[in-house]
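Both ligands and their constituent atoms are indexed starting at 1 by order of listing. For the numbers below, each heavy atom of this structure counts, side chains included, while hydrogens, waters and symmetry mates do not. Just so it is clear, the model here is predicted, and its values are computed rather than measured.
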Amino acid sequence: MAQRTALITGITGQDGGHLSELLHAEGYRVFGLIRGQNNPRQMAVEAELPYVSLIEGDLTDMTSLVRAVDTADPDEVYNLAAISHVGYSFKNPTLTADVTGKGVLNVLEAVRVTGRAEATRVYQASTSEMFGGLDYNRPGNGYNEESLFHPRSPYGVAKLYGHWIAKNYRESYGMFVTCGILFNHEGERRGLEFVTRKITNAVARIKLGLQSTLELGDLWPKRDWGYAGDYVRGMWLMTQHHKADDFVLATGETHSIEEFLTLAFAEVGIDDWRPYVKHSAAFMRPAEVDILLGDPSKAEDILGWKREVDFPGLVRRMVAHDLAVQSRHI
Ligand code: NAP
């Protein structure tokens, strides 16, 4: 069988790294879209993922996407690039709409106008933040592919546009465009701006005497947290399925930020985290999603996908990683 080729947007991000590893192991030729002149993350990507061929481009620049698709000539495009931080999206809503929303249209158009509508499969990174977590649309056993959307942030709203334009291209042009509605997934590659990694990094530094306190916003929001390595396998499985569709990937469990915090501190032998954690209003959002819980039954039944890392296992591996990284500073 001829070697398959994939183009990943968002190659410098958490999922871009995990997915590149998986596709490389599956024998793919992997191209990654990298933005900006002299992107500060380029050297790290080149060192960590030496088999990835980088192509410069930006989701807001259609010409660059056409060039990227022409260069890579991909069998599969994984559109992972986005302004992906909910808090940041409140501060930069226009940019978020341009990148996270309209950027999806640009990717789909780049595939279509280069004559690859029939040949190239597209994976779109949709999100549980499209559901919003309000009482009225919250099913007891978790959100599934049929649940009502009510996004509560500029990020969620932009992603919902991306989700629907992806479905529209599936229906209008018969393109293979699959949407993975993924609940939170974390890991060693998670950016330090995200609360889970911020916690595990701070816990490691506090344990090693490199930091004394950690500032956080509300601790009560609950999320359905899985491990990124498990979730990129789900992305790949749904892109191999015979039919483009929507699939929820989730663990089916929900835990508060406080539970994450408690487990992370316990990992380094600190049973009472209260002396170390300060509340800061700066991290609160104009609208919060109280609780997210996903129902992954469809992906489990149809794709045979199942997450392997559980919640304590996720916290353990993130703390262990950050302890190892931070130990190099002492
Ligand atoms: P991430 O770590 O924040 O990575 C985002 C990527 O998008 C980075 O590589 C970033 O590149 C790139 N990017 C930002 N603006 C761009 C632009 N204008 N043009 C091209 N690239 C741009 O996100 P992630 O956690 O890997 O998530 C991957 C995707 O899944 C995202 O779309 C995210 O919204 C979605 N998702 C994530 C989760 C989760 O829990 N992780 C859950 C559901 C959905 P730079 O290095 O240049 O900034």
Rounded distance [0.5 Å steps], [atom1] in [X] versus [atom2] in [Y]:
X    : Y    : atom1 : atom2 : value
K207 : D322 : NZ    : CG    : 15.0 Å
E129 : I181 : CD    : CD1   : 13.0 Å
R29  : S53  : CZ    : OG    : 4.5 Å

Original post:
Is the closest basic N to carboxylate O distance between D290 and R152 below 4.0 Å?
Top reply: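 Salt bridge between D290 and R152, a charged N being under 4.0 Å from a carboxylate O: no.
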
Should the heavy atoms of other residues, nucleotides or ligands under 6.0 Å from [atom1] of [X] be counted, would the total exceed 12?
X    : atom1 : result
E56  : CD    : no
Q3   : CD    : yes
W273 : CH2   : yes
K102 : NZ    : no

One residue to check: [X]. Relative to ligand 1, which of side chain, backbone, both or neither has a non-hydrogen atom less than 4.0 Å away?
X    : value
R41  : side chain
R189 : neither
S126 : backbone
E129 : neither
R35  : side chain
V99  : side chain
I34  : neither

Close N or O approach ([X], ligand 1; < 3.5 Å):
X    : answer
G57  : no
G13  : yes
E193 : no
Q14  : yes
T127 : no
E186 : no

For [atom], what is the nearest protein heavy atom, given as residue, atom name and distance?
atom                    : value
atom 25 (O) of ligand 1 : R190 NH1, 3.3 Å
atom 6 (C) of ligand 1  : G10 CA, 3.7 Å
atom 14 (C) of ligand 1 : A82 O, 3.3 Å
atom 31 (C) of ligand 1 : L80 O, 3.0 Å
atom 26 (O) of ligand 1 : D15 N, 2.8 Å
atom 3 (O) of ligand 1  : S84 OG, 2.5 Å
atom 18 (N) of ligand 1 : D58 OD1, 2.9 Å
atom 21 (N) of ligand 1 : A81 CB, 3.4 Å

Answer with yes or no whether [X] contacts ligand 1, where contact means a heavy atom under 4.0 Å from a ligand atom.
X    : result
Y155 : yes
N184 : yes
K159 : yes

**OP:** Report yes or no: do T60 and D98 form a side-chain donor-acceptor pair below 3.5 Å?
**Re:**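 T60 vs D98: no donor-acceptor pair found between side chains.
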
Original post:
Backbone N or O of G16 within a donor-acceptor pair of the H18 side chain at under 3.5 Å?
Top reply: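 Side chain of H18 to backbone of G16: no pair is present.
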
Original post:
Can R317 be said to sit on top of Y227's aromatic six-ring, NZ or CZ under 6.0 Å from centre and within 45° of the ring axis?
Top reply: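 Yes, R317 and Y227 form such a contact.
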
Original post:
Do the ring planes of Y51 and H24 sit parallel (below 30°), tilted (30 to 60°) or perpendicular (above 60°)?
Top reply: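 Geometry flag for H24 against Y51: parallel rings.
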
Can the ring centres of [X] and [Y] be said to be less than 6.0 Å apart?
X    : Y    : result
W305 : Y231 : yes
H85  : F194 : yes
H241 : F176 : no

Run the numbers for me: atoms of ligand 1, each under 4.0 Å from some heavy atom of [X], listed by number.
X    : result
L182 : 42 (C), 43 (C)
L59  : 17 (C), 18 (N), 19 (N), 20 (C)
T12  : 8 (C), 9 (O), 10 (C), 11 (O), 45 (P), 46 (O)
A125 : 29 (C), 30 (O), 32 (O), 35 (C)

**OP:** Starting from the C-alpha separation in whole Å, work towards a yes-or-no answer on side-chain hydrogen bond (donor to acceptor under 3.5 Å, both in side chains) for Y276 and Q211.
**Re:** CA-CA 9 Å; Y276 304 99; Q211 181 174 331; over 6 Å; no

